[in-house]
Novice: 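Structure in structure tokens, see below.
The shown structure was predicted, so the numbers you read here are calculated from the model rather than taken from an experiment. A note on names: the letters A, B, ... follow the listed sequences, proteins ahead of strands, and every chain is numbered from 1.
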Amino acid sequence: MPELPEVETVRRGLETLLGRSAVIDHVELRRRDLRAPIPRDLPRRLAGQPIIAVRRRAKYLIFDTPAVGLLCHLGMTGTWRLAPPGDERTHDHCYVHLADGRRLAFRDPRRFGLLALTTAARPHAALTGLGPEPLDAAVFHADALLAACRGRRAATKAVIMDQAVVVGVGNIYAAEALFRAGIRPARPAGRLGRDRCERLVGAIRSVLAKAIAAGGSTISDFRQAGGDGGYFQHEFQVYDRDGQPCLACRATLRQRRIAGRSSVYCPGCQR
DNA sequence: CGAATCACCTGATCGC
DNA sequence: TGCGATCAGGTGATTC
């Protein structure tokens, strides 16, 4: 489900729900076998802790407490919701019971998600080796992308989805950014000139920012923590539009598999 | 070493 | 209606 805009939307929803004074009473694990097992001591480490912030790094959420951070990745199907009494669903793997009586539920049918602990002193391994945040112009810019692409023969689409190059870009927004930058997804990354890197950086940044402003994209069952769906799916130019006309030049959009992921592009507009 | 492929899981959808 | 094949917003391990 979630790329950067969806995770950021969830983060903002959680921030609104939790406000400034949420305190964890206790954490209840229903099953531990997600992508990696949820640590046994996670409930004990979080019990009684106030949530002082909900941050996002890449596609990860971090619930900060004075003692430790609760690290969460939504995988493909992870969701957080406020679960009133009686609202228990299959694939609810974790309940965070708050001191005010409310309950946050983490639900993840495919179990590709992650719940773990992280601290400033010992950051979780998943947080090391992450590339720059795309919305931070100080760290993600054409020179950085150009340097990351140098010598790489992999498809440009695969490279911008590489979380060591730039974080937060997944299959949907990679396709959309490449269309907006006029670059074929299969173009070897090492053959991007500075002009294309410039355009691609701008396209990634603007498509992610617009998607955040739209509350993310709702396909299948994504919902932000407040329960509302985003609406950026109505802005898709190429994703899931194989065989349909390009909205810019009317050519028929094509789909191929690149690095194992379906990739739609316009053979007329993208070079 | 980099790059492509597989594996992890469940659920929705599609063609027969 | 039922059933198998295929696909899905991610990422880490394995293979080439």
Novice: Rounded to the nearest angstrom, tell me the gap between atom CD in A:Gln255 and atom C1' in C:dT6.
Specialist: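 Rounding to the nearest Å, CD of A:Gln255 and C1' of C:dT6 are 12 Å apart.
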Novice: From CZ of A:Arg107 over to P of B:dG11, roughly how many Å is that when rounded to an integer?
Specialist: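 Distance check: A:Arg107 CZ to B:dG11 P gives 8 Å.
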Novice: Figure out the CG/P separation between A:Leu114 and C:dA13, and round it to whole Å.
Specialist: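 The answer, rounded to whole Å, is 12 Å.
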Novice: Rounded to whole angstrom units, what separation is found between the CD1 atom of A:Ile172 and the P atom of C:dC7?
Specialist: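 Going from CD1 in A:Ile172 over to P in C:dC7 covers 17 Å.
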Novice: Just checking A:Tyr60: base, sugar-phosphate only, or nothing, at a heavy-atom cut-off of under 4.0 Å?
Specialist: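 A:Tyr60: backbone/sugar contact only, no base atoms under 4.0 Å.
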Novice: Give the minimum heavy-atom separation between A:Leu74 and A:Leu61, together with the two atoms involved.
Specialist: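 Scanning both residues, the minimum pair turns out to be CD2-CD1, 4.5 Å.
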Novice: Let me know the distance between NE2 of A:His91 and P of B:dT10, rounded to the nearest Å.
Specialist: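 After rounding, the gap between these two atoms is 7 Å.
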Novice: Say whether A:Tyr60 and A:Thr118, considering side chains only, have a donor N or O and an acceptor N or O under 3.5 Å apart.
Specialist: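 Absent: no donor and acceptor within the cut-off.
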Novice: If C:dG4 has a Watson-Crick or G-U wobble mate with both distances under 3.5 Å, name it; if not, just say none.
Specialist: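 B:dC14 is the nucleotide pairing with C:dG4.
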Novice: Between A:Arg261 and C:dG10, is there a contact of a side-chain N or O with OP1 or OP2 at under 4.0 Å?
Specialist: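 For C:dG10, OP1/OP2 do have a side-chain N/O of A:Arg261 under 4.0 Å.
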Novice: At less than 4.0 Å, is any side-chain N or O atom of A:Ser262 found next to OP1 or OP2 of C:dC7? Yes or no.
Specialist: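 Answer is no, no contact under 4.0 Å.
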Novice: When you measure from the side-chain N and O atoms of A:Arg257 to the phosphate of C:dA8, is any distance below 4.0 Å, counting only OP1 and OP2?
Specialist: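 For C:dA8, OP1 or OP2 has a side-chain N or O of A:Arg257 closer than 4.0 Å.
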Novice: Below 4.0 angstrom, N of the basic side chain to O of the carboxylate: do A:Asp87 and A:Arg89 qualify?
Specialist: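 Yes.
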Novice: Is a donor from one side chain sitting under 3.5 angstrom from an acceptor on the other, for A:Gln237 and A:Tyr265?
Specialist: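 On atom types as modelled, these side chains do not qualify, holding no pair under 3.5 Å.
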Novice: Identify which nucleotide among B:dT10, C:dG10, B:dA3 has an atom closest to any side-chain atom of A:Arg152, counting heavy atoms from C-beta outward.
Specialist: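 Selected nucleotide (nearest to the side chain): B:dA3.
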Novice: Could you work out which one of B:dT10, C:dG10, B:dA4 sits closest to the side chain of A:Arg111?
Specialist: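 For A:Arg111, the side-chain atoms sit closest to B:dT10.
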Novice: Distance between the P atoms of C:dT14 and B:dC9, in whole angstroms?
Specialist: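 Straight-line distance between the two P atoms is 15 Å.
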Novice: From CG of A:Leu74 over to P of B:dC9, roughly how many Å is that when rounded to an integer?
Specialist: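 One finds 19 Å between P of B:dC9 and CG of A:Leu74, rounded.
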Novice: Tell me the interatomic distance from A:Leu61, atom CG, to C:dG10, atom P, rounded to whole angstroms.
Specialist: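 That distance rounds to 15 Å.
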Novice: Under 5.5 Å between ring centres and under 30° between planes: does that hold for A:Phe112 against the base of B:dC8?
Specialist: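 Stacked: ring centres under 5.5 Å, planes under 30°.
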Novice: For A:Tyr173, answer base if it contacts any base atom (sugar-phosphate contacts may also be present), sugar-phosphate if it contacts only those atoms, and nothing otherwise; contact means non-hydrogen atoms under 4.0 Å.
Specialist: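 Contact class for A:Tyr173: none.
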Novice: For A:Arg110 and A:Arg35, find the nucleotide of DNA chain C closest to each by heavy atoms; which residue's nucleotide sits nearer the 5' end?
Specialist: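 Residue closer to the 5' terminus by nearest nucleotide: A:Arg110.
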Novice: Could you tell me the separation between the CZ atom of A:Arg153 and the P atom of B:dA3, rounded to a whole number of Å?
Specialist: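 Rounding to the nearest Å, CZ of A:Arg153 and P of B:dA3 are 8 Å apart.
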Novice: Looking for any heavy atom pair under 4.0 Å, which part of the strands does A:Gly260 touch: base, sugar-phosphate only, or nothing?
Specialist: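 No contact at all - A:Gly260 keeps every heavy atom at 4.0 Å or more from the nucleic acid.
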Novice: Test the A:Arg35-A:Phe112 pair against the cation-pi criterion, namely NZ or CZ under 6.0 angstrom from the six-membered ring centroid and within 45° of the ring axis.
Specialist: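 Not satisfied by the 6.0 Å and 45° rule.
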Novice: Should the heavy atoms of other residues, nucleotides or ligands under 6.0 Å from CZ of A:Arg254 be counted, would the total exceed 12?
Specialist: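 Open.
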Novice: Distance check: side-chain N/O of A:His73 vs OP1/OP2 of C:dT11, anything under 4.0 Å?
Specialist: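 Checking A:His73 against C:dT11: at least one side-chain N or O falls below 4.0 Å of OP1 or OP2.
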